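Here is the structure we will look at.
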Amino acid sequence: MTKRILVTGGAGFLGSHLCDRLVAQGHDVICLDNLFTSQKSNIVHLLDHKNFEFVRHDVIDPFKAEVDQIYNLACPAAPGHYQYNPIKTIKTSVMGAINMLGLAKRVRARILHASTSEVYGDPEVHPQTEAYRGCVNPIGIRACYDEGKRAAETLMFDYQRQHKVDVRVVRIFNTYGPRMHPYDGRVVSNFIRQAVNGEDITIYGDGLQTRSFCYCDDLLDAMESMMNGPDGFHGPVNTGNPGEFTIRELAELVVDISSSSSQIVTARPLPQDDPLQRKPDIALAQEKLGWSPKISLRDGLQRTIEWFRSADLSKYRPPTPNY
Ligand code: NAD
Ligand code: UDP
């Protein structure tokens, strides 16, 4: 059935792919974004579509619309982006969640919130299950994002208990793919940009820290399954690819796939509070949603490298000096 769907952060990397899918499925889509870490080029092909509407709006201010579902993705996601204006980041997470939950309550919409593996901080439990409560430094440079997302989760479950809002919370682990901001400073975008330009590949620390990388199409399958999943299942649910790679292995894979002449160098010490290991336990997503990622890191990187080669990177505005 055709639904009216609001996507906050809809012009961003994940949000724009989600809008593409929802519009293609025939839904009536409102994309709400203040374009802080994205640009219209991600959604320009949708602007003339009869099922699509773009609204330039900041989620820290209330927004009213008659909708059936809300995907709440608005928030800077890359460390360089969320640390650029940390007070704004936590306001976006918390006030954005309050405003979208208020809207969901008023119009009885279902709301899916894009939470993060960062709620686990630098984890002492490995792999991370949803039951693990995390190890976050509340006063460190990542706290604006980590604690903002933790508070947003609290709000989701309080609105669910107090007002019976149908909330759905996904904890997204590192996700990559076409339309990542090439200057967002994240490891995949940095390494690919450096490799295709023949620049040094910059490893922070010894490169033995690990991450699990999920291709965007797999992640969006999980998000849609969660939004339309079983009644009464609110999560939180881990969504990510359980393949675990060191950052050095990632660098070597990018150089190999892109046949780059770049050198892999140790560029600077590990940033403060940088998690040493990260890998999702996805048993809950498999059981409740029947979901598992399908795209290997090699295939996903191949597709992402092709996009980086075809995109005009000079058109992307570096929003922060941290790349
Ligand atoms: P992104 O930066 O490309 O997208 C975020 C979007 O939100 C951007 O379009 C940005 O302009 C918009 N935005 C930021 N602040 C806003 C505000 N105050 N009002 C309105 N719009 C605002 O990042 P992404 O990777 O697509 O992430 C999307 C969501 O998924 C985020 O909530 C992020 O925290 C979450 N997430 C992503 C990952 C990942 O690896 N990509 C991992 C964990 C969680
Ligand atoms: N990283 C790196 N070189 C870069 C960018 C990042 O070695 O050019 C490291 C970073 O220190 C971290 C990992 O790669 O250990 C993932 O960083 P990212 O910013 O992509 O996301 P995070 O998972 O830390 O939020």
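For ligands, and for the atoms within them, numbers begin at 1 and follow the listed sequence. What you see is a predicted model, and the numbers here were worked out from it, not measured in a lab. Sequential numbering from 1 along the given sequence is applied to the chain's residues.
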Numbered atoms and elements of ligand 1 in range of [X], under 4.0 angstrom, heavy atoms:
X: A74; result: 7 (O), 20 (C), 21 (N), 22 (C)
X: T37; result: 1 (P), 2 (O), 5 (C), 8 (C), 10 (C), 11 (O)
X: A11; result: 9 (O)
X: L35; result: 11 (O)
X: N174; result: 40 (O)
X: D58; result: 17 (C), 18 (N), 19 (N)

Taking the non-hydrogen atoms of [X], is any one of them nearer than 4.0 angstrom to ligand 1?
X: R186; answer: yes
X: R179; answer: no
X: S115; answer: yes

Around [atom], find the nearest protein heavy atom and jot down its residue, atom name and distance.
atom: atom 40 (O) of ligand 1; result: T175 N, 2.8 Å
atom: atom 12 (C) of ligand 1; result: D33 OD1, 3.3 Å
atom: atom 23 (O) of ligand 1; result: A77 CB, 3.5 Å
atom: atom 16 (C) of ligand 2; result: R211 NE, 3.6 Å
atom: atom 13 (C) of ligand 2; result: I247 CD1, 3.7 Å
atom: atom 38 (C) of ligand 1; result: I172 CG2, 3.9 Å

Geometric cation-pi criterion, R179 with F13: 6.0 Å, 45°: no
Both conditions, 6.0 Å and 45 degrees, for the charged tip of R168 above the ring of F233: are they met here? no
Regarding [atom]: of the candidates [options], which has the closest heavy atom?
atom: atom 20 (C) of ligand 1; options: H81, R56, Q39, H57; value: H57
atom: atom 2 (C) of ligand 2; options: Y204, F173, Y82; value: Y204
atom: atom 21 (N) of ligand 1; options: N34, T239, L14; value: N34
atom: atom 36 (N) of ligand 1; options: Y145, F173, Y82; value: Y145
atom: atom 18 (P) of ligand 2; options: D146, T202, V187, D200; value: V187
atom: atom 5 (C) of ligand 1; options: C75, G9, G12; value: C75

Do H181 and Y316 make the cut of ring centroids closer than 6.0 angstrom? yes
Decide if atom CD of Q272 counts as having more than 12 heavy atoms of other residues, nucleotides or ligands within a radius under 6.0 Å. yes
Count the heavy atoms belonging to other residues, nucleotides or ligands that lie under 6.0 Å from NZ of K3, then report whether that count exceeds 12. yes
Does a side chain donor of either E244 or T210 reach within less than 3.5 Å of an acceptor in the other side chain? yes
Decide whether D273 and N137 meet the rule of one side-chain donor and one side-chain acceptor closer than 3.5 Å. yes
Going by distance only, is there an N or O of [X] that falls short of 3.5 Å from an N or O of ligand 1?
X: N72; answer: no
X: F13; answer: yes
X: L73; answer: yes
X: F36; answer: yes
X: S117; answer: no
X: V59; answer: yes

At less than 4.0 angstrom from any non-hydrogen atom of [X], what atoms of ligand 2 do you find?
X: R186; value: 19 (O), 20 (O)
X: P79; value: 19 (O), 25 (O)
X: E118; value: 25 (O)
X: I203; value: 7 (O)
X: F191; value: 3 (N), 4 (C), 8 (O)
X: N190; value: 4 (C), 5 (C), 8 (O)
X: P271; value: 11 (O)
X: D274; value: 10 (C), 11 (O), 12 (C), 15 (O)

Where on [X] is there a heavy atom closer than 4.0 Å to ligand 2, on the side chain, on the backbone, on both, or on neither?
X: Q209; answer: side chain
X: N174; answer: side chain
X: A78; answer: neither

Basic-acidic side-chain contact under 4.0 Å: E66, R4: no
Going by distance only, is there an N or O of [X] that falls short of 3.5 Å from an N or O of ligand 2?
X: R142; answer: yes
X: P275; answer: no
X: Q194; answer: no

Assess the residue pair Q69 and N228 against the criterion (side-chain hydrogen bond (donor to acceptor under 3.5 Å, both in side chains)); give the C-alpha distance rounded to whole Å, side-chain angles, the decisive distance to 0.1 Å, and a yes or no. CA-CA 10 Å; Q69 293 186 341; N228 302 302; 3.0 Å; yes
Does the residue G80 have a heavy-atom contact with ligand 2, meaning some pair of atoms that are separated by less than 4.0 Å? no
Measuring from I30:CD1 to F54:CZ, what's the distance to the nearest 0.5 Å? 12.5 Å
Interatomic spacing from CD1 in I192 to CG in L313 - rounded to 0.5 Å: 11.0 Å
Which word best sums up how the rings of H81 and F36 line up, parallel for under 30°, tilted for 30 to 60°, or perpendicular for over 60°? tilted
Run S260 and S262 through side-chain hydrogen bond (donor to acceptor under 3.5 Å, both in side chains) and show every step you take. CA-CA 5 Å; S260 171; S262 293; 2.9 Å; yes
Evaluate the criterion salt bridge (charged side-chain N to carboxylate O under 4.0 Å, His left out) for residue pair R211 and D274; output intermediate values, then yes/no. CA-CA 11 Å; R211 293 292 186 274; D274 199 290; 2.9 Å; yes
Stepwise, does the salt bridge (charged side-chain N to carboxylate O under 4.0 Å, His left out) test hold for K88 with D58? CA-CA 11 Å; K88 180 65 196 274; D58 194 310; 2.5 Å; yes
Of I172, L220, L219, which is the lone residue that meets side-chain contact (heavy atoms from CB on, under 4.5 Å) with C214? L219
